[in-house]
S.K.: 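Could you have a look at this structure, given as structure tokens, before my questions?
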Amino acid sequence: MTDKGELAAFLKARRARLRPGDVGLPENGQRRTPGLRRQEVAQLAGISVEYYIRLEQSRGPRPSQQVLAALSRALLLTVDERDYLLRVAGHHPPPVVGPNRTVPESIRIILDTMTETPAYVVDATYEVLAWNRAAIPFIGDLATVPDAERNIVRWTFRTAADHPRWSDEDTVAFARSTVADLRAAYARYPGHPALAALVTELLGTATSFAAMWHDHDVEIRRTHRKQVAHPELGALEFECQVLHISDTDQRMIVYCAAPNSPTAEVFRALSATR
């Protein structure tokens with residue numbers, strides 16, 4: 001069902017927040033009311049002014065998905081706002097076909113400026129998409145690694161089930177949390193070929209993964225503390241911050257050492273040698 005009253009109110013509110021310059025129109029002096037004019041929105045969306053006026057007056061027919069998509073572009077709606085517009089008009093938002101793998105340029109700039117803090121970006125399937133130089137001692141120089149081998153879940157569960165590291169509580173907790181987060185992505189992208197192939201592979205090759213997967217735990221990855229016995233850098237302790245990147249399902253993983261701690265000194269010394 002279309003909520004015509006809410007649809008009208010939402011369109012008016014989004015129209016009022018925009019200035020002509022925001023959408024490439026000339027600023028022609030002072031306006032009596034803030035925002036774009038109705039005819040400007042109609043022009044930008046490629047629909048008639050009369051039709052748009054009826055929508056804002058709660059008396060038009062239910063707009064099609066094509067019209068709503070055009071209005072979303074005209075009003076510069078975010079993905080969340082577009083989905084909301086579709087829902088109040090009685091439509092389902094378009095399905096999400098798979099994890100977003102395009103790293104925003106601003107995120108790459110942030111990575112490059114974090115010279116003393118290891119950080120990298122993963123998608124919902126734990127494919128590493130981008131990293132900074134400080135992260136190389138921890139995840140390797142992935143520029144020399146094929147794309148198919150840049151998956152953190154695959155790295156984690158390649159360790160044999162009888163390896164001593166599986167007796168470490170922090171390692172097991174991290175792995176379990178990762179599997180629970182991967183299961184959430186599995187539900188979010190039903191039938192996605194690469195994700196389904198990864199789960200099938202690990203169910204057949206990693207008994208630890210299979211046991212955790214069959215527990216059916218679901219959890220979106222959050223911040224946790226990590227202790228690492230690095231073969232070259234020694235014992236390290238830091239907070240593993242998980243920063244969700246807006247308008248994507250990507251996460252930036254950041255290794256945050258306490259100020260002036262031994263780990264912070266190691267991170268600083270590494271940056272000086274790179």
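Position 1 is the first residue of the sequence, and the numbers go up from there. When reading the values below, keep in mind they use all heavy atoms of this one structure, side chains included, and skip hydrogens, waters and symmetry mates.
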S.K.: Pick out which of Thr159, Ile152, Val153 makes a side-chain contact (heavy atoms from CB on, under 4.5 Å) with Thr156.
M.R.: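 Among the candidates, only Ile152 passes.
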S.K.: Counting heavy atoms not belonging to Arg62, are there more than 12 under 6.0 Å from its CZ?
M.R.: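 Yes - once you tally the heavy atoms of other residues, nucleotides and ligands closer than 6.0 Å, there are more than 12.
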S.K.: Are Leu233 and Val254 connected, step by step, through hydrophobic side chains (Ile, Leu, Val, Met, Phe, Trp, Tyr) whose heavy atoms are closer than 4.5 Å?
M.R.: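 Unlinked, Leu233 and Val254 end up in two clusters.
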S.K.: Give the intermediate values and the outcome of side chain to side chain contact (heavy atoms under 4.5 Å, CB included) for residues Met252 and Ile107.
M.R.: CA-CA 9 Å; Met252 182 188 292; Ile107 298 301; 3.5 Å; yes
S.K.: With rounding to the nearest 0.5 angstrom, report the CZ to CG distance, Phe10 to Leu71.
M.R.: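 Between Phe10 CZ and Leu71 CG, I get 10.5 Å after rounding to 0.5 Å.
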S.K.: Regarding Arg17 and Glu81, does a basic nitrogen lie under 4.0 Å from an acidic carboxylate oxygen?
M.R.: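 Salt bridge: yes.
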S.K.: Would you say His91's side chain and Pro63's backbone share a donor-acceptor pair under 3.5 angstrom?
M.R.: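 Such a contact is found between His91 side chain and Pro63 backbone.
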S.K.: Please examine the side chains of Asp3 and Leu7, heavy atoms only from C-beta on, and report whether any two atoms are closer than 4.5 Å.
M.R.: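 They are not in contact (no side-chain heavy atoms under 4.5 Å apart), so the answer is no.
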S.K.: With distance as the sole test, does Gln250 use its side chain to make a donor-acceptor pair with the main-chain N or O of Thr102 at under 3.5 Å?
M.R.: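 At least one qualifying donor-acceptor pair exists.
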S.K.: Salt bridge (charged side-chain N to carboxylate O under 4.0 Å, His left out) for Arg150 and Asp147? Distances and angles first, verdict last.
M.R.: CA-CA 5 Å; Arg150 297 178 182 177; Asp147 288 355; 3.3 Å; yes
S.K.: With Lys226 as the cation and Phe238 as the aromatic partner, state whether NZ or CZ is under 6.0 Å from the six-membered ring centre and within 45° of the axis.
M.R.: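 Not flagged: Lys226 not positioned over aromatic ring of Phe238.
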S.K.: What I'd like to find out is whether the side chain of Leu11 reaches to under 4.5 Å of the side chain of Leu75, using heavy atoms alone.
M.R.: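 Yes, at least one pair of side-chain atoms sits under 4.5 Å.
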S.K.: May I ask you to check whether Phe267 and Tyr255 place their ring centres under 6.0 Å from each other?
M.R.: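 Centroid distance Tyr255-Phe267: not below 6.0 Å, so no.
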S.K.: Starting at CZ of Arg165, measure out to OG of Ser167 and round the result to the nearest 0.5 Å.
M.R.: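 Answer rounded to 0.5 Å: 10.0 Å.
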S.K.: For Tyr84 and Leu77: C-alpha separation, side-chain torsions, deciding distance, then whether side chain to side chain contact (heavy atoms under 4.5 Å, CB included) applies.
M.R.: CA-CA 10 Å; Tyr84 180 76; Leu77 300 187; over 6 Å; no
S.K.: Hey, are Arg154 and Glu201 close enough for a salt bridge, meaning a charged N less than 4.0 Å from a carboxylate O?
M.R.: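 So Arg154 pairs with Glu201 through a salt bridge.
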S.K.: Any side-chain heavy atom of Leu44 within less than 4.5 Å of one from Leu36?
M.R.: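 Yes; the side chains approach each other to less than 4.5 Å.
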S.K.: Distance check, rounded to the nearest 0.5 Å: Glu169 atom CD versus Gln227 atom CD?
M.R.: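 Going from CD on Glu169 over to CD on Gln227, the span is 11.0 Å.
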S.K.: Can you confirm if the aromatic rings of His230 and Phe138 lie within a centre distance of less than 6.0 Å?
M.R.: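 Between His230 and Phe138, which both carry aromatic rings, the centre distance is below 6.0 Å.
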S.K.: Could you verify whether a donor N or O on one side chain and an acceptor N or O on the other, from Ser177 and Glu219, lie under 3.5 Å apart?
M.R.: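 Ser177 vs Glu219: donor-acceptor pair found between side chains.
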S.K.: Please tell me whether Leu142 and Leu129 are part of a single hydrophobic cluster in this structure, the criterion being side-chain heavy atoms less than 4.5 Å apart.
M.R.: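 No; tracing contacts between hydrophobic side chains, which count when under 4.5 Å, never links both residues.
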S.K.: How about Trp166 and Phe157: are their ring centres within less than 6.0 Å of each other?
M.R.: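 Centroid separation for Trp166 and Phe157: below 6.0 Å.
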S.K.: Indicate yes or no for a side-chain donor-acceptor contact from Thr117 to the backbone of Met114 under 3.5 Å, with no hydrogens or angles considered.
M.R.: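 Not a single qualifying donor-acceptor pair exists.
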S.K.: Determine whether a donor-acceptor pair (N or O, by modelled atom type, separation under 3.5 Å) exists between the side chain of Glu40 and the backbone of Arg37.
M.R.: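 Answer holds: yes.
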S.K.: Quiz question: by atom type and distance under 3.5 Å, do the side chains of Asn151 and Glu127 form a donor-acceptor pair?
M.R.: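 Distance-only check passes for Asn151 and Glu127.
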S.K.: Please report the closest heavy-atom contact between Ala45 and Ala74, naming both atoms and the distance.
M.R.: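 So the minimum-distance heavy-atom pair works out to N-CB, 3.9 Å.
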S.K.: Quick one, Val199 with Tyr186, criterion side chain to side chain contact (heavy atoms under 4.5 Å, CB included). Give me CA distance, side-chain angles, the key distance, then yes/no.
M.R.: CA-CA 9 Å; Val199 172; Tyr186 192 80; 3.8 Å; yes
S.K.: Of the non-hydrogen atoms in Ala185 and Ala124, which two are nearest, and what is the gap between them?
M.R.: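 Result for this residue pair: CB-O, 3.5 Å.
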S.K.: Minimum heavy-atom separation for Ala8 and Ser58, please, with both atom names.
M.R.: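 What the structure gives for the nearest pair is CB-OG, 3.3 Å.
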S.K.: Any side-chain to backbone donor/acceptor pair from Ser261 onto Ala257? Under 3.5 Å, distance only.
M.R.: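 No; judged by distance alone, with no hydrogens or angles, the pair does not exist.
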S.K.: Using the ring-ring contact (aromatic ring centres under 6.0 Å, His included) criterion, which residues pair with Tyr52? Sequence neighbours excluded.
M.R.: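 If we apply the ring-ring contact (aromatic ring centres under 6.0 Å, His included) test to Tyr52, skipping adjacent residues, there are no hits.
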S.K.: With distance as the sole criterion, is a donor-acceptor pair present between the side chains of Arg59 and Gln57 under 3.5 Å?
M.R.: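 The answer is yes; a qualifying pair exists.
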S.K.: Mind listing the closest non-hydrogen atom pair of Pro61 and Arg54 along with its distance?
M.R.: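 Here Pro61 and Arg54 meet closest at CD-NE, 4.4 Å.
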S.K.: Strictly below 4.0 Å, N to O, side chains only: are Glu116 and Arg268 in salt-bridge contact?
M.R.: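 Looking at Arg268 together with Glu116, the answer is yes, because their closest N to O distance falls below 4.0 Å.
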S.K.: State the CZ-OG1 distance between Arg108 and Thr113, to the nearest 0.5 angstrom.
M.R.: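 So the CZ of Arg108 and the OG1 of Thr113 are separated by 13.5 Å.
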S.K.: Side chain to side chain contact (heavy atoms under 4.5 Å, CB included) between Val122 and Tyr120: does it pass, once the steps are laid out?
M.R.: CA-CA 7 Å; Val122 299; Tyr120 52 94; 3.8 Å; yes
S.K.: How many angstroms lie between atom CZ of Arg133 and atom CD1 of Ile136, to the nearest 0.5 angstrom?
M.R.: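 Nearest 0.5 Å value for the CZ-CD1 distance: 6.0 Å.
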S.K.: Closest heavy-atom contact between Leu76 and Asp22?
M.R.: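 Scanning both residues completely, I find the closest heavy atoms to be CD1-O, 3.6 Å.
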S.K.: Under a 4.5 Å side-chain heavy-atom rule over Ile, Leu, Val, Met, Phe, Trp and Tyr, are Ile245 and Ile253 clustered together?
M.R.: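 No, Ile245 does not connect to Ile253 through the hydrophobic network.
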S.K.: Less than 6.0 angstrom from the centroid, inside 45 degrees of the normal: does Arg251 satisfy that with respect to the ring of Tyr126?
M.R.: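 Yes, a cation-pi geometry.
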S.K.: Which donor-acceptor pairs under 3.5 Å do side chains of residues 208-217 form with protein atoms, sequence neighbours excluded?
M.R.:
residue, atom, partner, partner atom, Å
Asp215, OD2, Arg176, NH1, 2.8
His216, ND1, Arg183, NH1, 3.4

S.K.: Treating Ile, Leu, Val, Met, Phe, Trp and Tyr as nodes and any side-chain heavy-atom pair under 4.5 angstrom as an edge, say whether Val145 and Trp131 lie in one connected cluster.
M.R.: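 Per the 4.5 Å side-chain linkage, Val145 and Trp131 are co-clustered.
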S.K.: In Å, rounded to the nearest 0.5 Å, how long is the span from CG of Leu55 to NZ of Lys12?
M.R.: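 So the gap between those two atoms works out to 11.5 Å.
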S.K.: How far apart are the closest heavy atoms of Leu198 and Thr125, and which atoms are they?
M.R.: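 Heavy-atom minimum between the residues: CD2-O, 3.9 Å.
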S.K.: So if you build clusters from Ile, Leu, Val, Met, Phe, Trp, Tyr with side-chain heavy-atom gaps below 4.5 Å, do Leu236 and Trp155 land together?
M.R.: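 Yes, because Leu236 and Trp155 connect within a single hydrophobic cluster, where side-chain heavy atoms sit under 4.5 Å apart.
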